[in-house]
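Here the structure comes first, spelled out in structure tokens, and everything after it is commentary.
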Amino acid sequence: MNFLESIRVSLRALRANKLRSALTMLGMIIGVAAVIAMVGIGNGATASITSQIQGLGSNLLTISSGQSNSGGVRGGMGSSDTLKMTDVDKIQIGTAVKAVAPVANTNGQVVFGSGNTSTTIMGTTQDYQEIKNVTMATGRFITTDDVDKAARVAVLGPTVVTDLFGDANASVIGKVIKINNVPFQVIGVTTSTGSTGFMSSDDMITAPISTIQQRLLGKKTVRNILVSATSADQMQAAQNQITAELERAHNIQAGKNDDFNIQNQADMLQTMTGVTQTLTMLLGGIAGISLLVGGIGIMNIMLVSVTERTREIGIRKAIGAKGLDIMMQFLIEAIVLSILGGGIGIVLGFGGSTLAGKALKMSTSISPTSVLVAFGFSAAIGIIFGVFPARKAASMDPIDALRYE
Amino acid sequence: MIDLKGIKKIYANGDIQVAALAGVDLHVGASEFVSIMGPSGSGKSSMMNILGCLDTPTEGEYFLDGTDVAKASGDQLSVIRNRKIGFVFQGFNLLPRTMAVENVELPMLYAGVPSKERRTRAIEALESVGLGGRIYHKPKELSGGQQQRVAIARALVTKPSIILADEPTGNLDSKSSEEVMAIFQRLHESGNTIVLVTHEPDIAEFTERIVHFRDGNIEGDEKVANPRKARAQIVEEGVAK
């Protein structure tokens, strides 16, 4: 009997038992759909985290103070105030370093009339604009002059404008707001970057670092120094250069621990994507288990089906079916169930991840690899879990099979 | 046609060995119409299984159309059954939920006959047993006698060397039985070799030779002087509708 005839015989048997075939396929459908959707959502999460981190600024290096060490207790990173304003000038702008900006930030209560909000106050210099790609909706960013004179001027994020003035489009330039009771004149509003949550650049007030240190912090602290490298390739060179310059400025002998840390944005990106990829693998793995369960379901039903159709097998064998013919018939049934289930599962998984993406407001991406893997996997499951029942059917003795009631 | 020499079939049941066939010699010539009779346990079922190539003898030689099939493997036996033997069973053994014509096509499916030819030959076979009007009916829509006639059509559609019928009238009333025997007699007249197992003497009377089995041996082998003529008229069913 040729292959095409075998397929026809198998399809007929599946059609004869529609409900059972559909229920058996359901296992595969759910398994494959879960794998596709989970991997799609995971990939989407990775992509959105990557773009968020990249949105923090391109080729960014963050220098923070070292750890405090008092009485044998080591504090966390940045717990000692080892960075100074003078360190900023020590970092040479050149082939590797494009711009340097110190940052001193604090939280403050901001008041305008009856408007009132609590937000992050970021003290920095004019170079911050270049490093963080800050664009202005209206007005201007802080200037060298503002920093030199410790001018009480403030640049607001769009969220702050809404919170304080009740309207995102309110005309705010020249208005005087109070930050922790210190009056500041608004000189500009940044465009929205769409970022939300902790340390969002939309929910932030930027002011000259000198003003923040004098009026709000009361000390000449520098929390971080932000450095942008000229290109991604120059990140390492920039990091080496800064390490050497700051070690010299802080009189740190070779072999001693540095009193500062340099964080590379690429490292952070790698760590974060590593985390999401692990999560994706985990989710995919769990979904994979359901695929396996679906496969076992197919084997279960095929075994029942073989037993139930013992007499049919006996008849077929008596009138000339060879072992291989019987084996193919049952194997094809199992493969058709798994591939059909896998196909429907791919469609459902695709729809499911798109829906989940819409609901969670994030992009999802279905990789062709995950579709291929899921499809190949379901075909393989059909073969693996179909072989045992099919062999059982093929090896039946026709006399016993015919006598089976 | 069929030549059995010293056929033994021994079943080992634990330490006890039971000889279902204790060295049987039998010759069935072309175009014979033979019935095998015997009480239960006489070995006639074992004989039938070996004749039908469903089973191989423990000892002995079985020449079917001149080839020794006693030592054939499972798949070789499948091919022999497909080409040379047509089965008719007591319980009809049609595939349920499958139309009569498809049941008849089944042996040709395994013989690799192209689908168009299969259909034509299956319809011819069904017409020859008087079921030309029932070709698209499923087994449960047919009476017992009709189902058995579908089974006969399935057995003869491959033009086998022998048709083996195992208690073909065992599940049928006397009218249907006579109809079935009429078909066998007609097939015999057109040159088919038929071996029929039965325990009903009046069914055996329709055949031309009766072989009696007892305790795994042939007890008697007699020609029937005047085989009874099955009088049933095979009505062409369902055509007039």
Side-chain angles (χ1 to χ4, degrees), chain A residues 1-22 301 304-333 336 390-405, chain B residues 9 11 20 45-46 48-50 52-56 72-99 102-115 118 138-139 150-151 153-158 160 163-164 166:
Chain A
M1 188 164 64
N2 68 34
F3 190 63
L4 218 70
E5 301 280 10
S6 298
I7 291 177
R8 215 178 296 168
V9 169
S10 304
L11 286 180
R12 179 197 301 271
L14 291 176
R15 268 204 306 271
N17 242 320
K18 286 192 195 71
L19 180 66
R20 180 193 289 182
S21 303
I301 290 297
V304 170
S305 174
V306 166
T307 310
E308 214 182 52
R309 282 149 69 191
T310 300
R311 212 180 167 81
E312 175 191 328
I313 295 165
I315 297 168
R316 288 180 184 274
K317 278 202 150 182
I319 60 175
K322 291 195 275 285
L324 189 70
D325 294 326
I326 301 291
M327 171 136 170
M328 286 308 282
Q329 182 189 338
F330 283 91
L331 194 55
I332 289 171
E333 276 182 38
V336 165
R391 282 182 64 103
K392 193 179 165 211
S395 63
M396 275 184 185
D397 181 55
I399 300 171
D400 294 338
L402 279 172
R403 217 176 282 148
Y404 185 87
E405 288 302 324
Chain B
K9 185 68 192 177
Y11 295 102
S45 288
S46 301
M48 193 71 187
N49 287 340
I50 288 170
C53 292
L54 287 165
D55 204 354
T56 48
S73 73
D75 276 352
Q76 286 167 337
L77 288 175
S78 285
V79 175
I80 294 163
R81 287 197 295 270
N82 190 240
R83 304 258 163 84
K84 298 191 181 293
I85 296 163
F87 284 102
V88 179
F89 301 96
Q90 177 176 3
F92 320 136
N93 279 341
L94 299 175
L95 293 188
R97 292 189 293 264
T98 307
M99 293 186 292
E102 288 169 334
N103 265 297
V104 178
E105 280 180 34
L106 210 56
M108 294 186 283
L109 183 73
Y110 292 113
V113 177
S115 65
R118 260 185 352 233
K138 292 183 178 159
V150 174
R154 183 178 66 187
L156 61 88
V157 77
T158 50
I163 294 173
L164 284 179
D166 188 2

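A note on names: the letters A, B, ... follow the listed sequences, proteins ahead of strands, and every chain is numbered from 1.
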Are the charged groups of Asp325(A) and Arg316(A) less than 4.0 angstrom apart, N to O?
-> no
Which heavy atom of Cys53(B) sits nearest a heavy atom of Ile85(B), and at what distance?
-> SG-CD1, 3.8 Å
For the side chain to side chain contact (heavy atoms under 4.5 Å, CB included) test, which of Leu164(B), Asp166(B), Asp55(B), Thr56(B) pairs with Asn49(B)?
-> Asp55(B)
Relative to chain B, which segment of Arg309(A) carries a heavy atom at a distance below 4.5 Å: side chain, backbone, both, or neither?
-> neither
How about Met328(A) and Phe3(A): do any of their side-chain heavy atoms sit closer than 4.5 Å?
-> yes
Interchain contact, Arg83(B) with chain A, by part (heavy-atom threshold 4.5 Å) | neither
Per-residue contact mode, Leu77(B) against chain A (heavy atom under 4.5 angstrom) | neither
Residue, of Thr158(B), Asn82(B), Ile80(B), Val79(B), that accumulates the most heavy atom pairs under 4.5 Å with chain A = Asn82(B)
Structural part of Arg15(A) lying under 4.5 Å from a heavy atom of chain B = neither
Can you find a heavy atom in the side chain of Tyr404(A) that is under 4.5 Å from one in the side chain of Met396(A)?
-> no
Which atoms of Glu102(B) come close to chain A, meaning under 4.5 Å heavy atom to heavy atom: side chain ones, backbone ones, both, or neither?
-> side chain
